[in-house]
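We name chains A, B, ... by the order of the sequence lines, and we start the count at 1 in each one.
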Amino acid sequence: MPELPDVETFKRYLDATSLHKTIAEVDVRSERLVAGATPDELASTLRGHAFTSTRRHGKHLFALLDGGGALELHFGMTGELEAYQDSGREPEYAQAVFAFENGDHLALVMPRKLGELRLVDDVDAFVEEQALGPDALDDAFDADAFVRALSGRRGMIKSALMTQELLAGLGNVYSDEVLFQAGVHPRTKVADLDEAKLGELYRTMRRVLRVVVDHRARPDELPDGYLTGRREEGAPCPRCDGEIRTIEVSGRTGYYCPDCQD
DNA sequence: CCTATAGCCTGACGGC
DNA sequence: TGCCGTCAGGCTATAG
């Protein structure tokens, strides 16, 4: 789930539920979730402080702290946020719980422990260290920058779109959606797409990401004609009479319509 | 430079 | 019902 539109939704959720509340305690249930520190160190650093604002870069969310620095959250394949008040209402699979002094809680819910929490001094430095490409929805990431990011690539377009070092934010699901909306086959070689086609792909990508964010990344609520809610072998194509098929690309199972995408 | 593979971790689902 | 294999929306390391 957690690709750019999902993480953007989490960001807005955190903004709406958990800013400017003093952190009383942080309970991390899995040591492996915390990068670069122990759960105790994480807790003692956060205790007594508050999240003041958030940033997002690709699939990474940053909760900025009063006094500087930030908590980086990465959601792996299954992570999400859930706020609640009564501690008896803690959701199942909560791997980290932030308890605020006012009695509110924010849980990082993650059935599979493939995410990450990390204290960072500086968000921009983190993005650089991780060698993340520009955020796919960043204002400064224009069509020229998109073409530049993909130029020289010898592999398949779906692989390139999912490579976070080139551009940050797309994963398996939304790379499929973008390619479906653009009518481009997932295994198309990047080198076979001319600049005009790449420009078209860029505009499609931006539109898809904005639309999905506007719908809070809920597959069932996306407009007619979207593939994301129909990720099932043999499902009817939302745009033609054909059927959705799966295809293996870079070790991931992609969904596409053989009739609409070539 | 790029792809394939395995591994991390654990729940859901289908088949027998 | 129970057991087992397979798969799952991320990412990394390794080998070719």
Per A:Ser159 side chain, nearest of listed nucleotides C:dG9, B:dC1, B:dT3: B:dT3

Going 5' to 3' through nucleotides 11-16 of chain C and flagging B where a protein heavy-atom sits under 4.0 Å of the base, S where only the sugar-phosphate is that close, and - otherwise, we get S-----

What pairs of donor and acceptor atoms, side-chain ones from residues 179-189 of chain A against any protein atom, are under 3.5 angstrom apart with sequence neighbours left out?
from, atom 1, to, atom 2, distance (Å)
A:Gln181, NE2, A:Glu177, OE2, 2.8
A:Gln181, NE2, A:Gly225, O, 2.9
A:His185, ND1, A:Arg187, N, 3.0
A:Arg187, NE, A:Glu248, O, 3.4
A:Arg187, NH2, A:Glu248, O, 2.5
A:Thr188, OG1, A:His185, O, 2.7

DNA chain B contacts among residues 30-39 of chain A, heavy-atom distance under 4.0 Å: A:Arg32

Pairing stems for DNA chain B [at least three consecutive pairs; Watson-Crick or G-U; under 3.5 angstrom]: B:2-8 with C:10-16, B:10-16 with C:2-8

Under 3.5 Å, which donor-acceptor pairs do the side chains of residues 207-217 of chain A form with other protein atoms, sequence neighbours left out?
from, atom 1, to, atom 2, distance (Å)
A:His215, ND1, A:Glu221, O, 3.0

Euclidean distance, atom CD of residue A:Glu233 to atom P of C:dC7 [Å, nearest integer]: 12 Å

Which nucleotides of nucleotides 11-16 of chain B have their base under 4.0 Å from a protein heavy atom (B), which only their sugar-phosphate (S), and which neither (-), written as one string 5' to 3'? SS----

Heavy atoms from C-beta onward define the side chain here; which of B:dC1, B:dT3, C:dG9 lies closest to that of A:Arg154? B:dC1

Roughly how many Å apart are C:dG9 and B:dC2, using the P atom of each and rounding to a whole number? 24 Å

Whether A:Thr78 contacts B:dC9 is assessed here as follows: a side-chain N or O lying under 4.0 Å from the phosphate OP1 or OP2. Is that the case? no

Does a side-chain N or O from A:Lys113 land closer than 4.0 Å to OP1 or OP2 of B:dT10, or not? yes

